[in-house]
Amino acid sequence: MSVQTSHSAENFAGRILGWYDRAARVLPWRIPPNSGHVPDPYRVWMAEIMLQQTTVAAVAGYFERFTARWPSVQHLAAADDADVMAAWAGLGYYARARNLLACARAVVRDHGGHFPDSEAGLRALPGIGDYTAAAVASIAFGRAAVVVDANIERVIARHRRITTPLPMAKREIRAALAPLVPNDRPGDFAQALMDLGATICTPRGPACVICPVMTDCMARARGDAESLPVKPPKKAKPHRHGLAYWIEEADRLWLVRRPDKGMLGGMRALPGGAWEDDPPAESGIARIDHSFTHFDLTLTLVRREVPLSAAEGEWWPLSDLDAAGLPTLYRKLTDKMREKDG
DNA sequence: GAGGCGTGGCG
DNA sequence: TCGCCAAGCCT
């Protein structure tokens, strides 16, 4: 991975790290630069999984709750699946939670409770891809890995003015970044580039005038930083419809668990039918709209008297629905019913 | 390589 | 309002 470091590369890393020393964001999972503290690989890993495609603001509370409740990988590995899934509810991309548990158990079972300290070792664990392996190797273990996330992609595509469209540009971006990675403080370097992308080299309206690497940024010189990186066009989202069943008895609600694969896999949910292209005939007692990554959904809530015999599920106290850990889609329905009934 | 996979915030 | 986007991974 690492390489001969040219004079200009040192200069780049130096300016990035100098800026980071002054401007690093204070985050619950982050060791402040030059504090002399040693990062806990478990916490670094936990944060990286939660931050996949998810904003810092959304993650903060979940990170605090998870690390308080399961302070080590051994604690997490011993947790009940249902508790972990419920605690993840609302954060999205639920395959991450299933892989989080699988990964914790693999670390305990196959690695004596210690995370592998190499990129390749980390990459072999469930839920850890190229980015996360490099990020944990670099931040937790000081390895000079080439960390490339969407922020860093944007920073490098602009600095080197790489106009090849994504995802083809990834190869060029990685090649451009590799010789810039310092052997000293590689973790801070990666976090610095991500902070830079999040606060200065932003997708829209980048604040080039205060950027620590403005002087040799090729896109800045050309005045087209905001147009980079070039991304492929998005596809239109279809609209779907579905039914959900409100089955209530003695102040309890009938909940099911969705299958492990597919949408909202492994999560508690209201029972219901398949999601289809056409709206249902019934008008129901409530209706909500929800937008997923690849389709929009209108869900109609219908009252039913008894559980379907074949459906496996559980009666849940209506007074404690929050603890069920329903995904946001179903939370919208239960919130609406709570409003109606007072 | 392309598509499946959540959610909330922001301009 | 609504499209875009956020520390991607898996198949």
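Throughout, protein chains are lettered first and strands after them, A, B, ... in sequence-line order, and every chain is numbered starting at 1.
Between A:L51 atom CG and C:dC5 atom C1' there is a gap of 15 Å when expressed in whole angstrom units. Atom CZ of A:R171 and atom C1' of B:dG1 are 13 Å apart (whole Å). Following rounding to the nearest Å, A:L100 (CG) and C:dG8 (C1') show an atom-to-atom distance of 15 Å. Note: CG (A:L297) to P (B:dC5) measures 12 Å, nearest angstrom. One atom, OH of A:Y93, and another, C1' of B:dG8, lie 12 Å apart when rounded to the nearest Å. Protein atom CG of A:L329 is 13 Å distant from nucleotide atom P of B:dC5, rounded to whole Å. Rounded to a whole Å, the CE atom of A:M263 is 6 Å from the P atom of B:dC5. Taking atom CZ of residue A:R258 and atom P of nucleotide B:dG6, one finds them 9 Å apart after rounding to whole Å.
Residues A:M50 and A:F66 form a side-chain contact, since some pair of their non-hydrogen atoms from C-beta on lies under 4.5 Å apart. Contact annotation: the side chain of A:V107 never approaches that of A:W45 to less than 4.5 Å [non-hydrogen atoms, C-beta and beyond].
With hydrogens and angles ignored, the 3.5 Å screen pairs a side-chain donor or acceptor of A:R96 with a backbone N or O of A:I49. A donor-acceptor pair is defined here as one N or O able to donate and one able to accept, closer than 3.5 Å; such a pair exists between the side chain of A:R105 and the backbone of A:A77.
Nucleotides B:dG3 and C:dC4 place their P atoms 16 Å apart, quoted to the nearest Å. For the C1' atom pair drawn from B:dG1 and C:dA6, the interatomic distance equals 22 Å after rounding to whole Å. B:dG6 and C:dT11 have their P atoms separated by 14 Å, given to the nearest Å.
Counting any heavy atom pair closer than 4.0 Å across all strands shown, A:G265 reaches no nucleic acid atom. Counting non-hydrogen atoms under 4.0 angstrom, A:A150 reaches the backbone sugars and phosphates but no base. Nucleic acid contact class of A:R154 (heavy atoms, under 4.0 Å, all strands): sugar-phosphate only. At the heavy-atom level, A:L166 lies nowhere under 4.0 Å from the strands shown. A:W45 comes within 4.0 angstrom of no nucleic acid atom, judged by non-hydrogen atoms across all strands. Heavy atoms of A:I49 sit nowhere under 4.0 angstrom from any nucleic acid atom. Residue contacts for A:L264: at a heavy-atom cut-off of 4.0 Å it reaches the sugar-phosphate backbone alone, with no base atom in range. Residue-level contact check: A:R30 touches the bases, meaning some heavy atom is under 4.0 Å from a base atom.
An OP1 or OP2 oxygen of B:dT7 is reached within less than 4.0 angstrom by a side-chain nitrogen or oxygen of A:H290. In this model, the phosphate group of B:dG3 is approached by a side-chain N or O of A:K235 to a distance below 4.0 Å at OP1 or OP2.
Because its NZ or CZ atom is both nearer than 6.0 Å to the ring centre of A:Y62 and within 45° of the ring axis, A:R65 counts as a cation-pi partner of that residue.
A donor N or O paired with an acceptor N or O is found under 3.5 Å between the base of B:dG6 and the side-chain atoms of A:T54.
Of the candidates C:dC5, C:dA6, B:dT7, B:dT7 carries the atom nearest the A:F292 side chain, counting heavy atoms from C-beta on. Comparing C:dC4, C:dA6, C:dC10 by their nearest atom to the side chain of A:Q53 picks out C:dA6. Comparing C:dG8, B:dG6, B:dG11 by their closest approach to the side chain of A:R204 singles out B:dG11. When the nucleotides B:dC5, C:dG8, B:dT7 are ranked by their closest atom to the side chain of A:P327, B:dT7 comes out on top. Closest contact between the side chain of A:T132 and the listed nucleotides C:dC9, C:dG3, B:dG6 involves C:dC9. Here C:dC9 is the nucleotide among C:dC9, B:dT7, B:dG6 with the atom lying nearest to any side-chain atom of A:Y131. Comparing B:dG4, C:dC5, B:dT7 by their nearest atom to the side chain of A:H294 picks out B:dG4.
For the pair A:P126 and A:P203, nearest-nucleotide mapping onto DNA chain C gives the more 5' position to A:P203. Mapping A:K332 and A:G262 onto DNA chain B via the closest heavy atom, the residue that lands nearer the 5' end is A:G262. Comparing A:Q52 and A:T293 by the nucleotide of DNA chain C that holds the closest heavy atom to each, the one mapping nearer the 5' end is A:T293.
Contact check on A:D195 versus A:R30 returns a salt bridge, with a Lys/Arg side-chain nitrogen under 4.0 Å from an Asp/Glu carboxylate oxygen.
For an aromatic pair to be called close, the ring centres must be under 6.0 Å apart, and A:H290 with A:F292 satisfies this.
B:dG3 is paired with C:dC10 under the Watson-Crick or G-U wobble criterion, all donor-acceptor distances under 3.5 Å.
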